[in-house]
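First the structure, in the form of structure tokens, and then the observations on it.
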Amino acid sequence: IADSVITQPISKSQAEMHKQILGMSSSGKLFCLYPEEFTYKEMKSHLPPKIQESNLTSMVLFLKRMDIAGFRHCDFISRPAPESLMQALEDLDYLAALDNDGNLSEFGIIMSEFPLDPQLSKSILASCEFECVDEMLTIAAMVTAPNCFLHAPPGTEEIALTCWRKFSHPAGDHFTLINTALSQNTVFSSTDYSNEKWCRDYFLSCSALRMAEIIRAELVEIMKRIELPISEPDFGSKENILSIKKSLLSGYFMHIARDVDGSGNYLMLTHRQVAQLHPFSSYYNTRRIPEWVLFHEFSISEDNSIRVVSEISPDLFMELVPQYYFSNLPPSESKDILQEVINHLSPVSAMKEEQKTNNDNKEDEKFPQSPSEQRCIIQ
């Protein structure tokens, strides 16, 4: 099932509501304009309820946290499709948010504390392990807030692209968002530049950046309230970039695509949809098109596109992806390539495991354990 954003015409009820709202603002005539091939009579009376068209993973996580586990007996005003509920449960299981009985795991309970998409919450929790919490909170705030890159007026597209390249990061769009947020903070704190003027000069939305600041501050408060560690900023180092990618993959391993022909046509691993890079991507119209990418959002319109894209390696993906998720992927050339990666990594992993066992045995010889001592492995 594709987790996507679909562009569709408004309904008659929405059009009437818009007319009423605008009609109250001032006197005069109100013109409602539509494409030539589209007529008012062809509009649907009402659009389907959001719950029947949205990803239900966040809602199911919330219901689980509220101890409302019997979805069949839940009195929905508009009941979602059973397939959508099952897909949400499956996604939560892949994210380790559920235990073997289908109840919330410890991970799931902590994930439900964040007012975010569960995949994003899982990435934040993973960043505690990989010690890149500061950067991951910035990414979470920037992708949750509205898009900060404005559509450039006609004739200024090249100027806007030149401005945005100053924030571009070779590792991908997630890192470009961090650069944008850091640049904003640096400029505002070190110069007399007004917020609005700087944003206007760089074709950025000042309101979106302010919203991202507010969201980030709220996330920091949640981290402190539930006593999760916040690592020191270290953006830019190779270790930090790798840690951020690991954190993103821990939550977004279901959002992976591969360039199948070397020209930017990306095929999703989970389904047969093909999409291109969104024009706001830092990789768009560049010579360097990564083969494997992690994306934040998939948009279905006249031209399918993936938004907020960063390059990953198949080795790193196979290191972090749950094995049962990978085994459930539909057959494809991409899956065959990843299987070869597994076959290549298996002997190396076996050697490392054997070396670790030998080291443990030597340690036991030096420091023999008493019968009452036990070793505890935390998974």
Side-chain angles (χ1 to χ4, degrees), residues 1-4 55-58 60-61 86-99 105 107-108 110-111 114 116-130 132-133 135-136 139-140 143-144 171-175 241-260 266-275 290-298 306-346 349 379:
I1 296 178
D3 180 13
S4 56
N55 186 316
L56 303 182
T57 312
S58 296
V60 171
L61 180 65
M86 291 303 298
Q87 182 66 44
L89 289 169
E90 187 177 33
D91 289 348
L92 289 175
D93 188 39
Y94 287 143
L95 293 169
L98 303 179
D99 59 20
S105 63
F107 254 120
I110 300 175
M111 286 165 60
F114 293 91
L116 301 170
D117 179 89
Q119 291 173 293
L120 198 51
S121 301
K122 179 66 181 292
S123 293
I124 291 177
L125 295 185
S127 70
C128 297
E129 176 186 353
F130 298 120
C132 57
V133 177
E135 293 79 13
M136 197 61 232
I139 291 174
V143 298
T144 304
D173 298 338
H174 296 86
F175 304 86
I241 290 172
L242 180 60
S243 295
I244 294 172
K245 288 187 177 184
K246 287 182 176 181
S247 300
L248 288 169
L249 271 170
S250 297
Y252 284 91
F253 53 84
M254 290 180 275
H255 283 197
I256 303 298
R258 172 177 162 262
D259 182 9
V260 292
Y266 285 94
L267 181 68
M268 320 299 167
L269 280 185
T270 49
H271 47 80
R272 302 275 180 196
Q273 291 282 354
V274 177
E291 181 180 5
W292 294 86
V293 296
L294 175 150
F295 61 91
H296 178 71
E297 186 178 76
F298 171 44
I306 47 179
R307 303 172 65 110
V308 191
V309 172
S310 291
E311 182 178 14
I312 60 156
S313 68
D315 292 21
L316 192 62
F317 172 72
M318 294 312 303
E319 178 186 334
L320 295 166
V321 67
Q323 185 57 42
Y324 55 97
Y325 167 77
F326 176 74
S327 61
N328 288 337
L329 286 175
S332 66
E333 182 184 0
S334 299
K335 186 176 181 180
D336 293 340
I337 293 173
L338 292 172
Q339 185 61 53
E340 291 179 7
V341 172
I342 294 177
N343 297 338
H344 175 71
L345 291 176
S346 294
S349 301
Q379 296 181 345

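Worth knowing before you read on, the calculation uses all heavy atoms, side chains too, and leaves out hydrogens, waters and symmetry mates. All values reported here derive from a predicted model rather than from experimental measurement.
The shortest side-chain heavy-atom distance between Val308 and Tyr252 does not fall under the 4.5 Å cut-off. Taking the side chain as every heavy atom from C-beta outward, Phe175 and Glu135 never approach each other to under 4.5 Å. Side-chain contact between Pro290 and Tyr266: present, with at least one pair of heavy atoms (C-beta onward) separated by less than 4.5 Å. Between Leu269 and Trp292 there is a side-chain heavy-atom pair separated by less than 4.5 Å. Annotation: side chain of Ser243 is not in contact with side chain of Ser127 (no heavy-atom distance under 4.5 Å).
To the nearest 0.5 Å, atom OG of residue Ser121 and atom CD of residue Gln119 are 10.0 Å apart. Between atom CZ of residue Phe317 and atom OG of residue Ser334 there is a gap of 10.0 Å, rounded to the nearest 0.5 Å. A distance of 14.0 Å separates NE2 in His344 from CD in Gln339, rounded to the nearest 0.5 Å. Atom CD1 of residue Ile256 and atom CG of residue Leu267 lie 12.5 Å apart, to the nearest 0.5 angstrom. Taking CG of Leu125 as the start and OG of Ser123 as the end, the distance is 9.0 Å to the nearest 0.5 Å. Atoms CD1 and CD, on Ile312 and Glu319 in that order, are 11.5 Å from each other to the nearest 0.5 Å.
Classified by interplanar angle (parallel below 30°, tilted 30° to 60°, perpendicular above 60°), the ring pair His255/Phe295 is parallel.
Partners of Arg258 by salt bridge (charged side-chain N to carboxylate O under 4.0 Å, His left out), not counting sequence neighbours, listed by chain and number: Glu291, Glu333. Scored by the ring pair (Phe, Tyr, Trp, His ring centres under 6.0 Å) test, Tyr94 finds Tyr324, Tyr325 as partners (sequence neighbours excluded).
Taking every heavy atom of both residues into account, Leu92 and Leu61 meet most closely at CD1-N, 3.9 Å. Closest non-hydrogen pair, Ile241 versus Ala171, comes out as CG2-CB, 4.1 Å. Met111 approaches Pro118 most closely through the heavy-atom pair CE-O, 3.4 Å. Closest approach of Ser250 to Leu320, counting heavy atoms only: OG-CD2, 4.5 Å.
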side-chain contact (heavy atoms from CB on, under 4.5 Å), that's the test. Do Ile306 and Met268 meet it? Break it down for me.
CA-CA 10 Å; Ile306 47 179; Met268 320 299 167; 3.6 Å; yes
Determine whether Leu242 and Leu316 satisfy the following criterion, side-chain contact (heavy atoms from CB on, under 4.5 Å), listing intermediate values before the conclusion.
CA-CA 9 Å; Leu242 180 60; Leu316 192 62; 4.0 Å; yes
Given the rule in the side-chain contact (heavy atoms from CB on, under 4.5 Å) test, do Leu249 and Val321 qualify, once you have shown the distances and angles that lead to the verdict?
CA-CA 8 Å; Leu249 271 170; Val321 67; over 6 Å; no
Leu95 vs Phe253, test: side-chain contact (heavy atoms from CB on, under 4.5 Å). Steps then yes/no.
CA-CA 9 Å; Leu95 293 169; Phe253 53 84; 4.0 Å; yes
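For the pair Thr57 (side chain) and Ala88 (backbone), a donor-acceptor distance under 3.5 Å is absent. Remark: side-chain polar atoms of Lys246 are not paired, donor with acceptor, to backbone N or O of Phe130 under 3.5 angstrom. In this structure, Ser310 contributes its side chain and His174 its backbone to a donor-acceptor pair below 3.5 Å. Proximity of a side-chain donor or acceptor of Lys122 to a complementary backbone N or O of Phe107 within less than 3.5 Å is not detected.
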